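See below for the structure under consideration.
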Amino acid sequence: MYIVFKNLDEWFKKDPDLKKKFQDTYKTIYTIAHDYAIHLNKMAQNKAGKTVKIVISEQLLKQSLIDAFDDLLRLKNYHPTKDPNPIKETAYIVYWLSRHKPIKLMTEEIVLDNNLSEIARARFLFINEEFGIKLLVNSAFTGKNEKAVCAHIHKEAKRQLKYFKHFLLYYLVYRLDSPKSLEAMMLGCTIHPVWDVDPIIWKKPERLEDDF
């Protein structure tokens with residue numbers, strides 16, 4: 001086994017379409033990470049009266065995306081998967097973000113501040129994993145159509161999603177073993193009475209069998 005530092009220019013020459021996809025994804029993830037850092041800083045100011053410094057490593061972010069894209073390209077080249085759905089792509093990106101940790105909390109004393117709840121401090125301590133949850137939830141639910149159900153079910157669904165986010169943080173920190181496991185968990189979340197089935201993710205089977 002050996003580590004390879006890819007020359008992006010050479011990589012892009014082999015696949016011009018890959019260059020645009022990579023650059024667009026990098027800009028999107030970097031922008032979301034930047035906005036997330038601003039959000040955490042506001043939370044620290046409101047809850048603890050402190051300012052925190054959060055830095056995003058461009059090189060580690062690029063390396064995270066390189067490794068994610070490499071994995072996804074192998075899927076397309078050597079497996080039946082030819083057009084990965086958004087949840088699959090995000091699962092691979094979040095897996096490598098959790099491994100390489102491009103978001104750096106420079107003001108570490110915020111983690112010890114008793115003015116913050118335990119879960120808030122955990123979000124600062126495991127900042128990359130918490131950021132990954134934002135990406136995963138967005139990939140599963142943003143833009144999805146809600147069914148016309150009663151207000152009680154909507155309220156309960158939001159409550160359950162909070163439980164699931166707490167579990168996701170635990171899983172990303174202590175149990176993450178592969179992008180495939182993340183993908184499976186998030187796909188399961190999309191099957192819920194509140195949400196319409198997404199045709200991009202779930203292909204309609206030719207025949208439904210009740211006894212499956």
Side-chain angles (χ1 to χ4, degrees), residues 3-45 51-77 81-107 123-145 165 168-169 172-173 176 178-180 182-183 185-187 189-190 198-201:
I3 295 176
V4 176
F5 291 95
K6 280 192 181 295
N7 184 316
L8 288 180
D9 290 333
E10 292 181 2
W11 198 34
F12 293 149
K13 283 181 182 178
K14 299 177 183 178
D15 189 345
D17 293 334
L18 180 65
K19 180 176 182 179
K20 185 177 188 310
K21 173 77 172 177
F22 186 92
Q23 290 176 334
D24 289 346
T25 304
Y26 175 83
K27 290 177 182 177
T28 299
I29 299 296
Y30 186 90
T31 299
I32 297 173
H34 182 264
D35 291 344
Y36 182 61
I38 293 174
H39 166 74
L40 286 181
N41 193 37
K42 288 181 179 178
M43 186 174 75
Q45 291 174 344
T51 299
V52 295
K53 182 179 180 181
I54 298 170
V55 176
I56 304 167
S57 168
E58 294 186 11
Q59 292 304 318
L60 285 175
L61 178 54
K62 286 179 181 177
Q63 188 61 46
S64 299
L65 294 180
I66 286 170
D67 290 331
F69 271 58
D70 258 352
D71 283 346
L72 290 166
L73 286 171
R74 277 191 289 272
L75 284 177
K76 294 176 67 174
N77 293 332
T81 302
K82 298 304 179 185
D83 187 19
N85 66 64
I87 290 180
K88 183 186 291 291
E89 290 185 345
T90 305
Y92 277 84
I93 290 171
V94 170
Y95 174 81
W96 286 108
L97 288 175
S98 298
R99 295 291 299 272
H100 295 324
K101 304 189 187 304
I103 306 176
K104 304 293 183 183
L105 175 65
M106 310 304 290
T107 317
R123 286 168 178 155
F124 277 104
L125 181 61
F126 303 114
I127 191 170
N128 289 276
E129 289 80 4
E130 178 67 13
F131 177 64
I133 292 172
K134 303 295 183 186
L135 296 180
L136 288 168
V137 171
N138 284 344
S139 72
F141 297 112
T142 298
K144 305 298 186 296
N145 293 323
K165 287 179 180 179
L168 265 182
L169 181 58
L172 287 171
V173 172
L176 182 60
S178 72
K180 293 180 289 185
L182 278 181
E183 179 191 2
M185 291 165 63
M186 298 312 300
L187 284 173
C189 284
T190 65
D198 189 339
I200 296 177
I201 296 172

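Atom set for the values below is all heavy atoms of this structure, side chains included, hydrogens, waters and symmetry mates excluded. Quick caveat, the model's predicted, so the values are computed rather than measured.
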Main chain of [Y], side chain of [X]: is a donor-acceptor contact present, judged purely on distance under 3.5 Å?
{"X": "T107", "Y": "K53", "value": "yes"}
{"X": "N41", "Y": "V52", "value": "yes"}
{"X": "S139", "Y": "L136", "value": "yes"}

Please find the pair of heavy atoms, one from I133 and one from K165, that lie closest to each other, and give the distance. CD1-O, 3.6 Å

Quick one: closest heavy-atom pair of Y95 and L182, and the distance?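 Distance-wise, the nearest heavy atoms are N-CD1, 4.2 Å.
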
Strictly below 4.0 Å, N to O, side chains only: are [X] and [Y] in salt-bridge contact?
{"X": "K101", "Y": "E129", "value": "yes"}
{"X": "R74", "Y": "D71", "value": "yes"}
{"X": "D24", "Y": "K20", "value": "yes"}

To the closest 0.5 Å, what do you measure between [atom1] ([X]) and [atom2] ([Y])?
{"X": "T31", "Y": "I56", "atom1": "OG1", "atom2": "CD1", "answer": "9.0 Å"}
{"X": "L65", "Y": "Q63", "atom1": "CG", "atom2": "CD", "answer": "9.5 Å"}
{"X": "I87", "Y": "L187", "atom1": "CD1", "atom2": "CG", "answer": "4.5 Å"}
{"X": "L61", "Y": "Y30", "atom1": "CG", "atom2": "OH", "answer": "8.5 Å"}
{"X": "N85", "Y": "M186", "atom1": "CG", "atom2": "CE", "answer": "11.5 Å"}
{"X": "E10", "Y": "K13", "atom1": "CD", "atom2": "NZ", "answer": "6.5 Å"}

Sort out for me which residue in L97, I93, V94 forms a side-chain contact (heavy atoms from CB on, under 4.5 Å) with S64.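 Answer after filtering L97, I93, V94: L97.
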
How are the rings of Y36 and F131 set to each other: parallel, tilted or perpendicular (split at 30° and 60°)?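 Aromatic pair Y36/F131 classed tilted.
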
For Y92 and K180, run side chain to side chain contact (heavy atoms under 4.5 Å, CB included): C-alpha distance rounded to whole Å, both residues' side-chain angles, the deciding distance at 0.1 Å, then the answer. CA-CA 8 Å; Y92 277 84; K180 293 180 289 185; 4.0 Å; yes

Pick from K62, H100, R99: which one makes a side-chain hydrogen bond (donor to acceptor under 3.5 Å, both in side chains) with D67?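 In the set K62, H100, R99, the residue that makes a side-chain hydrogen bond (donor to acceptor under 3.5 Å, both in side chains) with D67 is H100.
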
Can you tell which of F22, F12, W96 makes a ring pair (Phe, Tyr, Trp, His ring centres under 6.0 Å) with F69? F22

Would you indicate whether K104, at its atom NZ, is surrounded by more than 12 heavy atoms from other residues, nucleotides or ligands within a distance under 6.0 Å?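 More than 12 heavy atoms, drawn from other residues, nucleotides or ligands, come within 6.0 Å of this atom.
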
Using side chain to side chain contact (heavy atoms under 4.5 Å, CB included), reason through I32 and K134 one step at a time and then give a plain yes or no. CA-CA 9 Å; I32 297 173; K134 303 295 183 186; 5.7 Å; no

With side chain to side chain contact (heavy atoms under 4.5 Å, CB included) as the test, would you mind laying out the steps for L40 and E130 before giving the verdict? CA-CA 11 Å; L40 286 181; E130 178 67 13; 5.9 Å; no

